[in-house]
Amino acid sequence: SVKTSGKRNYRFYDEKFHDALRARLEREAELRHAIGHDQLVMHYQPRVDISTGTTSSMEALVRWAHPSRGVLEPLEFIPLAEETGLILDLGALVIDKVCAQLACWAQRGQQLVPVSINVSPRQFNETDVAKILSTSLARHNVDPRLIEIELTESSMMGDSHDVANALTAIQKMGIKLLVDDFGTGYSSLSQLQRLDFDVLKVDRAFTSGLERTGEGNVFFKAIITMAHALGMRVVAEGVETLEQIRILKSLKCDEIQGFYISRPLPPSDTQPILPRWFFPSTA
Ligand code: C2E
Ligand code: MG
Ligand code: MG
Ligand code: MG
């Protein structure tokens, strides 16, 4: 009868639901284990000053050296970390690993450039990021001016008063603040001005729009003009071609980051990317 099949259907979905739940709990346990057992590693991608060709900073990007699945990219585990709250432990660990890495490079006499760290909205809303930073900086004896913080526009949405206080505290330590993925979220111009960011990183969607001449360029130029008026430097994310660099230079963009310069690299490979870059003109 209709009633029986309805029941069967119900049971079917119920089991599927439980399977999905079990799989998710397993993945969560696995990620928690990874955080506690040093399976997370940081890779570093340079950001280069267009006019001088020098590396102004490197961005720390987390990877999971999974024991059986190989090296996993953030998209495969950051969303789960966000949903489960594991991002709080993961985020504190990332901050500590970056400070430890800077101390290690310094000890080896390597050239140091600041490192930017991605901090998620939940970290800002649920932990004292300024305190976590100062604890790790002190533990590894690292100069706060070697650290920069990247946050997306969505981080500024939540309880804006608390977030603003946290950001001010971080900035007072000498740490620069960067807006990440600009153009994909909903930050208002007044928020940008009020929070006094140092650097605006324009999402790679706008960079990939550059080669098609016309409107893409006009829009990017408008962002640059606005950022400069607010006292911010501008970084183009996702730069993959020399043509894009040429256009960005003509638009007065300050810095570039992307596969054209370098993919994110393990810490042992970062030294060769620090020398000066030369961008030949294609015109
Ligand atoms: P994001 O902060 O915007 O980082 C830039 C992403 O774009 C990185 O991906 C980088 O490898 C990639 N990328 C760089 N240049 C190019 C390019 O020329 N072309 C293309 N197609 N892609 C490029 P990744 O490492 O997979 O990281 C993805 C996102 O995961 C990051 O976006 C960031 O939001 C998040 N993430 C990474 N590490 C951390 C972390 O330690 N903590 C937190 N909370 N989030 C992180
Ligand atoms: Mg970033
Ligand atoms: Mg970004
Ligand atoms: Mg991005």
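First listed ligand is number 1; within each ligand, the first listed atom is number 1.
When the Mg ion (ligand 2) is compared with the N/O/S atoms of E59, atom OE2 turns out nearest. For D180, the N, O or S atom with the smallest separation from the Mg ion (ligand 3) is OD1. For E150, the N/O/S atom at the shortest distance from the Mg ion (ligand 2) is named OE1.
Residue contacts with ligand 1: M42 is placed with no nitrogen or oxygen under 3.5 Å of a nitrogen or oxygen of the ligand (distance criterion only). Note: no N/O pair closer than 3.5 Å links Q257 and ligand 1 by distance alone. Between V62 and ligand 1, an N or O atom pair is found at a separation short of 3.5 Å. The shortest N or O to N or O distance between E240 and ligand 1 is below 3.5 Å.
Side-chain N or O atoms of S116 include none that pairs as donor or acceptor with a backbone N or O of I149 at under 3.5 Å. No donor-acceptor pair closer than 3.5 Å links the side chain of S136 to the backbone N or O of L133. Side chain of E126 to backbone of Q123: no donor-acceptor contact under 3.5 angstrom is found.
Listed by atom number, the atoms of ligand 1 under 4.0 Å from P264 heavy atoms are 11 (O). Counting the atoms of ligand 1 from 1 in the order shown, those under 4.0 Å from a heavy atom of E59 are 1 (P), 2 (O), 4 (O). Numbered from 1 in the order shown, with element, the atoms of ligand 1 that lie under 4.0 Å from a heavy atom of S120 read 44 (N). Taking every non-hydrogen atom of D180 and a distance limit under 4.0 Å, the qualifying atoms of ligand 1 come out as 1 (P), 2 (O), 3 (O). For ligand 1 and V94, the ligand atoms under 4.0 Å from any heavy atom of the residue are 41 (O). Interface of E73 with ligand 1, defined as ligand atoms under 4.0 Å from a residue heavy atom, comprises 26 (O). Shown in contact with D181 at under 4.0 Å from a heavy atom are these atoms of ligand 1, numbered in order with element: 3 (O).
Taking a 4.0 Å cut-off on heavy atoms, L75 fails to register as neighbouring ligand 1. The shortest separation from a heavy atom of K201 to ligand 1 is not under 4.0 Å, leaving the residue out of contact.
Taking a cutoff of 4.0 Å between a charged side-chain nitrogen and a carboxylate oxygen, R24 and E83 qualify as a salt bridge.
Shortest non-hydrogen contact noted between Q171 and L195 is OE1-O, 4.0 Å.
The Mg ion (ligand 3) forms the vertex of an angle spanning OD1 of D181 and OE1 of E237; to the nearest 10 degrees it equals 120°.
Coordination check, S116 versus the Mg ion (ligand 2): failed, since every N/O/S atom of the residue sits at 2.8 Å or beyond.
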